[in-house]
Amino acid sequence: MKPRTKRALAIGGGVATLGIVVALVLNAFQSNLVFFFSPTQVAAKEAPIDRSFRVGGLVEEGSVQRDPNGLTIRFVVTDLARTVPVTYTGLLPDLFKEGKGVVAQGKLGADGVFRAEQVLAKHDENYMPPEAADALAKARQGELPSGPTGAKP
């Protein structure tokens with residue numbers, strides 16, 4: 001084989017390998033994206049049914065129900081315009097309380113119940129995740145947010 005042909009094959013093989021690596025990295029990145037949706041967006045069917053996402057807002061007063069025989073907790077998340085029922089099995093953060101900010105990550109069931117895999121509560125009196133704060137502010141102003149708001153790689 002001529003040196004010119006060898007060089008062309010080496011360059012072609014390198015480009016093909018680089019293309020495969022880029023495709024794998026982009027696929028992994030895409031599958032790890034977790035979008036945030038407000039309860040209004042979930043009620044408007046903007047949230048995916050088959051993918052994990054985050055829903056956030058305030059824990060509705062009087063909505064927390066604990067299973068007496070286990071770790072299952074049911075509560076309602078609201079953005080003051082709409083609500084989303086949430087079910088979570090596990091230990092809740094110490095700062096989880098009714099009327100306080102919360103972000104839950106999980107999947108929406110076909111029955112409309114959000115099955116959380118993780119629940120995050122605010123850690124400071126003045127802190128709320130920016131996505132949740134924006135959704136609450138828009139709900140108070142009567143605006144309906146559209147599309148996913150923010151992503152976590």
Side-chain angles (χ1 to χ4, degrees), residues 14-153:
V15 169
T17 302
L18 183 62
I20 291 170
V21 168
V22 167
L24 290 173
V25 167
L26 290 176
N27 185 33
F29 181 72
Q30 179 66 26
S31 65
N32 286 329
L33 282 179
V34 180
F35 289 104
F36 176 90
F37 291 89
S38 69
T40 299
Q41 291 171 306
V42 173
K45 309 274 190 232
E46 294 177 21
I49 297 289
D50 57 344
R51 288 199 52 181
S52 183
F53 66 93
R54 288 183 176 182
V55 64
L58 301 174
V59 178
E60 193 170 70
E61 295 284 340
S63 70
V64 177
Q65 300 172 349
R66 298 177 189 270
D67 186 2
N69 300 326
L71 295 175
T72 301
I73 295 105
R74 290 171 190 76
F75 58 95
V76 175
V77 175
T78 182
D79 63 0
L80 304 178
R82 299 292 180 111
T83 62
V84 174
V86 178
T87 300
Y88 175 67
T89 301
L91 297 174
L92 288 170
D94 290 337
L95 297 174
F96 178 88
K97 292 181 182 145
E98 293 179 352
K100 299 294 183 179
V102 67
V103 174
Q105 181 174 325
K107 293 182 180 180
L108 186 64
D111 57 357
V113 175
F114 187 80
R115 287 170 178 72
E117 299 161 1
Q118 183 180 23
V119 174
L120 307 168
K122 65 181 188 174
H123 61 78
D124 182 313
E125 191 60 35
N126 300 319
Y127 176 78
M128 180 177 289
E131 298 92 351
D134 290 344
L136 286 173
K138 288 178 182 177
R140 285 186 183 121
Q141 295 171 358
E143 297 177 21
L144 293 178
S146 62
T149 55
K152 180 194 111 189

Q) How long is the gap from CZ on R74 to OG1 on T89, to the nearest 0.5 Å? A) 8.0 Å
Q. Does the separation of the ring centres of F37 and F114 fall below 6.0 angstrom?
A. no
Q. Taking all non-hydrogen atoms of both residues, which atom of V55 and which atom of S38 are closest, and how far apart?
A. CG2-C, 4.3 Å
**Q.** Pairwise side-chain contact, I73 with T87, heavy-atom cut-off 4.5 Å (strictly under)
**A.** no
Q: Could you tell me whether F96 and F75 have their ring centroids closer than 6.0 angstrom?
A: yes
Q. Closest heavy-atom contact between G99 and L58?
A. O-CD2, 3.9 Å
Q) To the nearest 0.5 Å, how far apart are CG in L71 and CG in L91? A) 5.5 Å
Q.
Quick one, E60 and T83 - any side-chain contact, counting heavy atoms below 4.5 Å?
A. yes
Q. Where do R54 and Q105 land on the side chain to side chain donor-acceptor pair (under 3.5 Å) test, with the steps shown first?
A. CA-CA 4 Å; R54 288 183 176 182; Q105 181 174 325; 3.0 Å; yes
Q: Taking all heavy atoms of A43 and all of R82, pick out the closest pair and write down the distance.
A: CB-NH1, 3.6 Å
(Q) Let me confirm one number: the CD-NZ distance from E61 to K100, rounded to the nearest 0.5 Å. (A) 9.0 Å
Q) Would you say K107 and R115 make side-chain contact, with heavy atoms under 4.5 Å? A) no
Q | Closest non-hydrogen atom pair between A116 and A104, with its separation | A | CB-CB, 3.9 Å
Q.
What I'd like to find out is whether the side chain of T78 reaches to under 4.5 Å of the side chain of P39, using heavy atoms alone.
A. no
Q: Looking only at non-hydrogen atoms, find the nearest pair between E117 and S52 and report the distance.
A: OE1-OG, 4.3 Å
